[in-house]
Amino acid sequence: MIAHSKPSVIKIRVKRQDGPGQAPYWQHFDIPYEANLNIISVLMKIAATPQTRDGKSVAPVAWDCGCLEEVCGACTMVINGRVRQSCSALIDRLLDDAPSGEIVLEPMSKFPVVRDLVVDRARVFHSLKRVKAWVSVDGYYDMGPGPKQSRAQQEAAYPLSECMSCGCCMEACPQFTKVEIEQQTGESEEEYQKRQAAAHDVAFIGPHAINQAVLFNNNPTGQFAKGKRLDALMEPGGLQVCGNAQNCVAVCPKHIPLTTSIAQAGRAVTVHAIKKFFE
Ligand code: SF4
Ligand code: SF4
Ligand code: FES
């Protein structure tokens with residue numbers, strides 16, 4: 001990376017959309033240069049004075065964020081063509097990498113746009129439900145102490161547990177295609193949610209969910225639901241959809257070994273399928 005001299009203004013191009021299903025359009029903003037800004041601070045400056053480059057007053061750009069330290073995944077968007085978290089995207093580095101001096105912000109393309117840079121990541125969490133990505137806790141009675149997790153098991157599990165459900169791996173995956181269900185006139189929120197869940201039930205679960213299935217299947221307590229997780233991976237939209245393009249592992253901000261998890265899930269599913277056949 002070569003450090004170029006910094007411009008007096010930061011040129012920002014934002015792909016905007018006023019609401020779900022509406023046509024997108026572009027707007028340009030100029031922000032006076034300051035050192036050490038990140039994308040979120042630039043968006044806050046735009047929100048404080050929402051005026052385009054040609055002086056037109058517009059509605060502030062909408063975006064999502066939570067932790068501001070690359071932990072929650074809420075601020076994920078496409079920045080200069082690369083999916084990443086906007087809280088950790090530093091302007092100085094982007095200007096060094098972008099010869100045109102312009103920074104282009106777009107919402108992720110694989111999720112329905114709610115407004116501007118905010119997308120609906122419901123499918124990310126629906127996939128986690130499909131593979132039962134949790135360890136069951138006690139019910140209404142004490143089930144006693146669970147099996148112990150060894151140090152080696154903890155160390156193997158830790159890298160897989162760092163997933164923040166950000167959506168980067170799904171955005172990069174060629175097999176993960178957008179599912180957009182629009183709410184119909186007169187349809188209640190409950191009916192709409194049901195229809196959306198039904199569509200998400202057969203769509204590709206995504207690399208993050210496969211990784212979480214492996215994480216919980218390797219957990220000594222999580223193993224109680226191992227068969228159900230493997231069943232979920234064998235259903236339509238499961239593991240077989242993965243084409244092994246390996247784009248997911250290349251973009252994961254947490255460097256999770258997704259393709260190793262996918263291979264491990266593949267072997268477990270094969271054994272599970274053979275066992276089921278003979279049963
Ligand atoms: S696996 Fe990585 S890229 Fe995918 S959702 Fe988790 S943290 Fe994000
Ligand atoms: S390896 Fe599978 S999950 Fe990862 S990008 Fe390729 S097709 Fe998608
Ligand atoms: S705001 Fe949480 S990851 Fe960026």
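Predicted model, so just to flag it, every value in this text is computed and none were measured. Only heavy atoms go into these numbers, but all of them, side chains included; no hydrogens, no water, no symmetry mates. All ligand and atom numbering here is 1-based and tracks the order in the structure.
Proximity to Cys75 (heavy-atom distance under 4.0 Å) selects the following atoms of ligand 3: 1 (S), 3 (S), 4 (Fe). Interface of Leu68 with ligand 3, defined as ligand atoms under 4.0 Å from a residue heavy atom, comprises 1 (S), 2 (Fe). Distances below 4.0 Å separate heavy atoms of Cys67 from the following atoms of ligand 3: 1 (S), 2 (Fe), 3 (S). Interface of Pro253 with ligand 1, defined as ligand atoms under 4.0 Å from a residue heavy atom, comprises 3 (S). Heavy-atom contacts of Cys65 reach the following atoms of ligand 3: 1 (S) (cutoff under 4.0 Å). For ligand 3, the atoms sitting less than 4.0 Å from at least one non-hydrogen atom of Glu70 are 3 (S), numbered in the order shown with element in parentheses.
Across Cys72, Ala74, Cys166, Ala89, heavy-atom proximity to atom 2 (Fe) of ligand 3 is greatest for Cys72.
Listed by chain and number, the protein N, O or S atoms at a distance under 2.8 Å from atom 4 (Fe) of ligand 1 are Cys169 SG.
Closest to atom 7 (S) of ligand 2 among all protein heavy atoms lies Gly243 N, 3.1 Å. Closest protein heavy atom to atom 6 (Fe) of ligand 2: Ala245 N, 2.9 Å. Looking only at protein heavy atoms, the nearest one to atom 8 (Fe) of ligand 2 is Cys173 SG, 2.2 Å.
Residue-level proximity to ligand 3 for Thr76 is absent, since no heavy atom of it falls below 4.0 angstrom.
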